[in-house]
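Since we're looking at a predicted model, the values are computed, not measured.
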Amino acid sequence: MVRTVLAALLLLVLAIGLAITIVPRFLDRLYYEGPASDHYDGARFFNPDGDDTMAPPAGGSRGGFLWRQLTGSDDRPAWPDTVAVTPARPPARVEGTRMLVTWVGHATVLIQTQGLNILTDPVWGERAGPLGFGPRRVAAPGIRFEDLPRIDLVLVSHNHYDHLEKATLRRLWQRDTPTIVTSLGNDSVIAQTGARATALDWRGTVQVRPGIRVAVTRNHHWGSRWFADRNRALWSSFVLQLPAGGNLFFAGDTGFGDGQWPAEAAALGPIRLALLPIGAFRFVPGQMVSGAHIGPAHAALVFERLRASRALAIHWGTFRLSYEARDTPPRMLAAAMKCLNRTGFDAVAIGRTVEVPVATNPPPLPATTPVAMLACLDTPAVRALR
């Protein structure tokens with residue numbers, strides 16, 4: 001009996017040893033090969049403004065962080081099991097400078113303008129993770145897939161599962177064959193669905209219609225489908241340059257980094273609407289920002305630095321990805337906008353369609369610093385938010 005147990009333990013140790021040496025290489029993927037640059041070392045991409053996205057967001061080991069998340073042993077505030085959603089039924093097309101925008105959930109937004117139907121990071125799946133695992137959707141999509149108008153353009157910011165879902169991309173491709181624009185390496189993942197994507201480096205542009213271009217712009221994040229393939233593909237934001245009314249900016253998923261990348265997007269023309277993430281920023285109590293994600297405080301600063309006329313809050317309230325309560329991001333965003341003494345950056349309900357006015361003259365370049373913003377938010381009401 002003892003010899004059997006010892007033999008089993010020995011086999012287990014050998015299996016673990018083999019997994020450590022073999023599995024990471026097996027799970028690694030070579031999504032892109034090309035010349036080195038200021039954000040690519042010839043094998044992996046990196047943030048040129050400094051990489052603060054490597055460490056587990058709550059400290060300690062990454063395995064320990066994931067275990068606490070999976071088991072719910074991190075004392076996170078409770079989320080509802082489901083959230084009531086009234087799905088929208090958008091029109092087939094919106095012509096001219098008129099712009100209608102519907103938040104589908106998380107980072108998925110339908111933008112209708114200039115006769116184009118545009119989707120950002122489309123995810124209609126029930127879970128945000130591989131092989132049917134991962135956080136479960138608490139709010140149904142704000143548009144039923146069968147009510148979705150024909151899609152002309154899809155923007156995919158990076159390869160995380162809550163932003164690049166192969167099942168949804170496959171459905172869209174088989175139904176509509178849209179133009180798909182992404183950043184370097186993600187086209188390799190998208191190709192696994194049978195779809196074709198145009199993959200560009202930061203500062204790359206592509207024309208999608210006469211007078212309409214997509215510019216791939218810098219942000220501050222990271223990419224991976226598995227643990228070992230980290231940063232094999234690039235992450236990005238986008239500017240949709242439109243012939244009239246102002247541009248659309250989609251931040252993708254991003255941390256604040258050096259805070260200079262919003263100005264790079266603003267240099268491409270006045271921004272009519274910015275789609276900015278405000279959730280998944282709190283991995284320990286009281287945390288206001290993580291390296292990979294802007295919270296409401298820094299999202300307000302990005303809005304200010306973009307000099308955008310309007311902004312819509314995304315990346316919150318759909319999948320439970322971090323510590324904060326479901327309603328903390330929009331409540332904190334309202335407080336951050338009061339600190340700026342600005343309006344125009346709001347959170348709306350999933351499934352709500354809003355009409356976006358044309359861009360106004362950009363406001364003066366702001367001078368609000370992250371330190372000043374956090375000091376303004378250091379109030380009992382904000383500190384009480386979980």
Side-chain angles (χ1 to χ4, degrees), residues 38-39 47-53 107 109 111 120-121 155 157-158 183 200-205 213-222 234-242 246-281 288-316 329 332-333 336-337 339-347 356 359-374 376:
D38 65 348
H39 54 279
N47 291 299
D49 52 353
D51 208 330
D52 53 0
T53 65
V109 182
I111 304 100
T120 61
D121 287 354
L155 305 177
S157 64
H158 65 300
S183 43
L200 301 173
D201 202 353
W202 292 340
R203 299 180 289 276
T205 65
R213 302 188 69 84
V214 174
V216 177
T217 47
R218 180 168 73 97
N219 63 357
H220 185 92
H221 201 54
W222 61 287
L234 184 60
W235 47 95
S236 70
S237 56
F238 301 89
V239 175
L240 179 66
Q241 296 177 280
L242 296 165
N247 295 336
L248 172 79
F249 176 74
F250 170 47
D253 200 356
T254 185
F256 193 70
D258 63 4
Q260 300 303 309
W261 50 268
E264 297 169 18
L268 299 176
I271 294 175
R272 177 178 184 170
L273 177 68
L275 306 174
L276 302 179
I278 65 168
F281 69 95
M288 298 291 282
V289 66
S290 70
H293 294 138
I294 51 176
H298 288 75
L301 295 180
V302 170
F303 170 67
E304 193 180 46
R305 295 177 183 210
L306 287 167
R307 303 175 71 191
S309 296
R310 299 285 189 280
L312 180 71
I314 61 171
H315 202 270
W316 70 275
M332 192 175 290
L333 175 63
M337 291 300 291
C339 289
L340 295 184
N341 194 28
R342 288 281 309 275
T343 61
F345 182 8
D346 303 302
V356 182
T360 57
N361 292 327
L365 192 65
T368 309
T369 66
V371 171
M373 172 60 77
L374 295 182
C376 179

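When atom types are taken as modelled, the side chain of Thr360 and the backbone of Ser309 share no donor-acceptor pair closer than 3.5 angstrom. Panel note: side chain Thr120, backbone Val109; a donor-acceptor pair is recorded below 3.5 Å. In this structure, Trp261 contributes its side chain and Phe256 its backbone to a donor-acceptor pair below 3.5 Å. Asn219 places a side-chain N or O within 3.5 Å of a backbone atom of Ala251 that can act as its donor or acceptor partner.
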Can Met332 and Ile278 be said to form a side chain to side chain contact (heavy atoms under 4.5 Å, CB included), step by step? CA-CA 9 Å; Met332 192 175 290; Ile278 65 168; over 6 Å; no

Please determine whether side chain to side chain contact (heavy atoms under 4.5 Å, CB included) holds for the pair Leu268 and Thr205, giving the CA-CA distance in whole Å, both sets of side-chain angles, and the decisive distance to 0.1 Å. CA-CA 11 Å; Leu268 299 176; Thr205 65; over 6 Å; no

Test side chain to side chain contact (heavy atoms under 4.5 Å, CB included) applied to His298 and Phe281, step by step: CA-CA 10 Å; His298 288 75; Phe281 69 95; over 6 Å; no

Do Met288 and Met373 pass the side chain to side chain contact (heavy atoms under 4.5 Å, CB included) test, and can you show the C-alpha distance, the side-chain angles, and the key distance before you say yes or no? CA-CA 11 Å; Met288 298 291 282; Met373 172 60 77; over 6 Å; no

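Listed here is the closest heavy atom pair of Ala336 and Pro296: CB-O, 3.9 Å. Ala280 and His315 get closest at one heavy-atom pair: CB-CE1, 3.7 Å. The nearest pair of heavy atoms linking Phe238 to Thr217 is N-OG1, 3.4 Å. The shortest non-hydrogen separation linking Asp38 to Pro48 is O-CB, 3.4 Å. Taking each heavy atom of Gly252 and Pro277 in turn, the nearest pair found is O-CG, 3.7 Å. Nearest heavy atoms, Leu306 versus Ala265: CD2-CB, 4.0 Å.
Taking Arg272 as the reference, nothing meets the side chain to side chain donor-acceptor pair (under 3.5 Å) condition, with sequence neighbours excluded. Taking the side chain to side chain donor-acceptor pair (under 3.5 Å) definition, one finds that Asp49 meets it with Arg218, His220, sequence neighbours left out.
When side chains are defined from C-beta on, Ile111 counts as touching Leu275, because their heavy atoms get closer than 4.5 Å. Side-chain atoms of Phe250 and Asp121, non-hydrogen and from C-beta on, do get closer than 4.5 Å to each other.
With a 6.0 Å radius and a threshold of 12 heavy atoms from other residues, nucleotides or ligands, Asn361 has its CG atom at or below the threshold.
Of the candidates Asp253, Asn47, Thr254, Thr53, His221 forms a side-chain hydrogen bond (donor to acceptor under 3.5 Å, both in side chains) with just one, namely Asp253. Applying the side-chain contact (heavy atoms from CB on, under 4.5 Å) test between Arg310 and each of Ile271, Leu273, Thr343, Asp346 identifies Leu273 as the sole match.
Between the CG atom of Leu242 and the CZ atom of Arg213 there is a distance of 12.5 Å, given to the nearest 0.5 Å. One finds the CG atom of Leu276 at 4.5 Å from the CZ atom of Phe345 (value rounded to the nearest 0.5 Å). The CZ atom of Arg305 lies 12.0 Å from the CD atom of Glu264; values are rounded to the nearest 0.5 Å.
Aromatic ring pairs are classed by plane angle as parallel below 30°, tilted from 30° to 60° and perpendicular above 60°; the pair Trp202 and Trp235 is perpendicular.
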